[in-house]
Amino acid sequence: MKVLVVGGGGREHAIIKKLRENKEITELYALPGNGGMAGDAVCVPIGAKDIDGIAAFAKENAIDFAVVAPDDPLVLGAVDALESLGIKCFGPRKNAAIIEGSKIFAKDLMKKYGIPTAAYEVFSDMDSALKYIETAPLPTVIKADGLALGKGVVIAETREDAENAVRSMMEDKVFGESGSRVVIEEFLTGPEVSVLSFTDCKTLVPMISSMDHKRAFDGDKGPNTGGMGVIAPNPYYTDDIAKQCMDTIFMPTIKAMNSEGRTFKGCLYFGLMLTEKGPKVIEYNCRFGDPETQVVLPLLESDLFTIMRAVADGCLSDVDVRFSKESACCVVLASEGYPTKYDTGFEISVDDDLAGELFIAGAKLSPDGKLLTAGGRVLCVTCTAGDLGSAIKNAYDNIKRVHFANAYCRSDIGRRAMLAVRE
Ligand code: AMP
Ligand code: GLY
């Protein structure tokens, strides 16, 4: 069985390592992958947004199954292109990936089907948006409609910040066409939970819950990043809340997408906030989260490829999806200065006694075979243990066994979650 995975970050490395546990897979390709995963998959330098290139490679190499992991190719229609060649895929088609590709689509879907989310207004004209924020309650949340590398959300504390955000999105077009329309929404408070789920549009199986740490610095300070670490399970996400989410958010979302003629197959990610008025949707993603995947998949005891095939074949209810009762912690090691300005090209070395899973996100191989840093988020280490406190300790003990110049990590991943454990 020949399998290809589209994407090249830590999330894709985690998916690839898990897929390798299935012995039916004889050839595994990553497009483009990165130098740090070259030992686990054949990395082919075709960009994740190059849909024609991906389809041509899949056809020429008689690929049997494709996993499209990142948002861009999903929203651009990579699954549609591969399926038109008769290749089975894990991931939603373009008409369902819009649930992440357009925040306005997602908000209108939730409103139409009564799925709890923050109150909002949509603007396609800057003057109306500016007028609205003159009286909007503060803080207010401004979101670019389209994909913006996870940076299209501004929480404005003052009217001036709100005006600047609207102008930069709609006038200066810092996110290109993604910001030509904006959502301005109510600011919610409460612990955040990420719940990834497998769904074939009939059955939905939530994966173990997790908690991302998006800010660059300790104490949840500094700019938003692609995620500096994550823990699972999320102690705020109790069984009662899980049931409530299944009944009021997860299944209603799948049914809503079916009713709209946009059946969703793949991994549907629910970004939730547990507010005083109950769980509400902050965002949907049409894919596995990064770095959530790096804690969720190491806790998956069932075979990932079997689940992915069942999702593609529409028979998810027939397969076993089981998670370990352990906890996991993933600490990201980034280049100092990320997410703003940072240097790369430093050699990465790993001590022999590293105990944990190493997932590489931003690295390349030099001509003489050295692994060099090549991105902001360079790698992460995930450790598991019987309880969350031990998983966190193990992750920090082991991140010290990976070295490169200018390495930076947060020192408090999981601290907020431990408060809930102790409560
Ligand atoms: P997103 O890119 O939609 O995940 O948003 C990034 C982050 O902004 C989220 O993880 C939240 O921490 C925050 N956020 C987004 N929407 C809201 C909201 N309505 N109220 C409070 N915080 C929000
Ligand atoms: N960790 C957030 C995301 O994958 O969008």
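All ligand and atom numbering here is 1-based and tracks the order in the structure. Because the structure is predicted, anything quoted here is derived from the model rather than measured.
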N/O contact list for ligand 1, threshold under 3.5 Å:
{"from": "ligand 1", "atom 1": "4 (O)", "to": "Glu283", "atom 2": "OE1", "distance (Å)": "3.2"}
{"from": "ligand 1", "atom 1": "4 (O)", "to": "Glu283", "atom 2": "OE2", "distance (Å)": "2.8"}
{"from": "ligand 1", "atom 1": "10 (O)", "to": "Glu192", "atom 2": "OE1", "distance (Å)": "2.7"}
{"from": "ligand 1", "atom 1": "10 (O)", "to": "Lys214", "atom 2": "NZ", "distance (Å)": "3.0"}
{"from": "ligand 1", "atom 1": "12 (O)", "to": "Glu192", "atom 2": "OE1", "distance (Å)": "3.4"}
{"from": "ligand 1", "atom 1": "12 (O)", "to": "Glu192", "atom 2": "OE2", "distance (Å)": "2.4"}
{"from": "ligand 1", "atom 1": "16 (N)", "to": "Lys143", "atom 2": "NZ", "distance (Å)": "3.0"}
{"from": "ligand 1", "atom 1": "16 (N)", "to": "Glu185", "atom 2": "OE2", "distance (Å)": "3.4"}
{"from": "ligand 1", "atom 1": "19 (N)", "to": "Glu185", "atom 2": "OE2", "distance (Å)": "2.7"}
{"from": "ligand 1", "atom 1": "19 (N)", "to": "Glu186", "atom 2": "O", "distance (Å)": "2.9"}
{"from": "ligand 1", "atom 1": "20 (N)", "to": "Leu188", "atom 2": "N", "distance (Å)": "2.8"}

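- Less than 4.0 angstrom separates some heavy atom of Glu292 from each of these atoms of ligand 2: 1 (N), 2 (C), 4 (O).
- Within the structure, the ring-ring contact (aromatic ring centres under 6.0 Å, His included) test picks out no pair touching residues 144-175 (sequence neighbours left out).
- The shortest N or O to N or O distance between Asp290 and ligand 2 is under 3.5 Å.
- Salt bridge present: Glu260 and Lys112 bring a charged side-chain N and a carboxylate O closer than 4.0 Å.
- Neither side chain, Ser210 nor Glu292, offers a donor N or O lying under 3.5 Å from an acceptor on the other.
- Tested against Asp145, the residues Ser102, Ser124, Ser178 include a single side-chain hydrogen bond (donor to acceptor under 3.5 Å, both in side chains) partner, Ser102.
- At least one heavy atom of Tyr269 lies less than 4.0 angstrom from ligand 2.
- Partners of Asn34 according to the side chain to side chain contact (heavy atoms under 4.5 Å, CB included) rule, which considers only residues two or more places apart in sequence or in another chain, are Met37, Ile360, Ala363.
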Please list every donor-acceptor pair under 3.5 Å in which a side-chain atom of residues 375-383 meets a protein atom from a residue at least two apart or in another chain.
{"from": "Arg377", "atom 1": "NH1", "to": "Gly226", "atom 2": "O", "distance (Å)": "2.7"}
{"from": "Arg377", "atom 1": "NH1", "to": "Gly227", "atom 2": "O", "distance (Å)": "3.1"}
{"from": "Thr382", "atom 1": "OG1", "to": "Gln294", "atom 2": "O", "distance (Å)": "2.8"}

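- Geometrically, Lys131 does not engage Phe123 in a cation-pi contact defined by less than 6.0 Å to the ring centre and at most 45° from the axis.
- For ligand 2 and Arg287, the ligand atoms under 4.0 Å from any heavy atom of the residue are 3 (C), 4 (O), 5 (O).
- Residue Asn285 has at least one heavy-atom neighbour below 4.0 Å for each of these atoms of ligand 2: 3 (C), 5 (O).
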